[in-house]
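Report on the following structure.
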Amino acid sequence: MSRQILTFAVVGVVNTATYYCLYLLFLNWLPYLAAHTLAFLISMVGSFFLNARFTYRTRPTWRKFLLFPLTNVTNFLITTSGVYVIVDVLHAGSRFAPLLASAAAIPVTFVVSRWVMLPKSIA
């Protein structure tokens, strides 16, 4: 399990970098919540395949792919709420808000993704 946690963290860094680059790109044309949502959805697909291959060493299936968004529901709700609070309530700016908001959801995302990718194991 420690290898999985480490690999999950590395995949998370790659996924976050991908998300953030897409977010900044989309921010040029879209409002910040739309940019956040679109970047999040695209990076989630990449995260599924990276986690299947490297973290859990399991074959990607349609079932897992369709369940994988469950791993990000909590992450999405926490980060979206955090982005909103940072930008609209604290008036701290939209450029770094997603990075600050995403840290709190990481442990929950790991537990749920392990349950989806390795359904016979105990998360």
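Note that the structure is predicted; figures quoted are calculated from it, not measured.
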Could you check if a side-chain atom of [X] sits within less than 4.5 angstrom of a side-chain atom of [Y], using non-hydrogen atoms only?
X: F8; Y: F54; result: no
X: S47; Y: F68; result: yes
X: S113; Y: Y56; result: yes
X: L50; Y: N15; result: no
X: M117; Y: F48; result: yes
X: T79; Y: P98; result: no
X: V111; Y: W115; result: no
X: L38; Y: L22; result: no

- Note on the structure: Sorted by chain and number, sequence neighbours left out, ring-ring contact (aromatic ring centres under 6.0 Å, His included) with F76 holds for H36, F40
- Item | Y32: ring-ring contact (aromatic ring centres under 6.0 Å, His included) partners, not counting sequence neighbours | none
- Would you mind listing the cluster partners of V13? Hydrophobic ones only (ILVMFWY), side-chain contacts under 4.5 Å, chaining allowed. none
- Message: Apply the hydrophobic cluster definition, ILVMFWY joined by side-chain contacts under 4.5 Å directly or through others, and give me every member besides L6.
- Response: none
- Main-chain N/O of L41 paired with Y19 side-chain donor or acceptor, under 3.5 Å: no
- Query: Short question: side chain of D88, backbone of V85 - any donor-acceptor pair under 3.5 Å?
  - Reply: no
- By side chain to side chain donor-acceptor pair (under 3.5 Å) - contacts of T55 (at least two apart): N51
- Message: Does anything in residues 60-70 form a side-chain hydrogen bond (donor to acceptor under 3.5 Å, both in side chains)? List the pairs, not counting sequence neighbours.
- Response: T58-K64
- Stepwise side-chain contact (heavy atoms from CB on, under 4.5 Å) test for F26 and C21: CA-CA 9 Å; F26 297 147; C21 289; over 6 Å; no
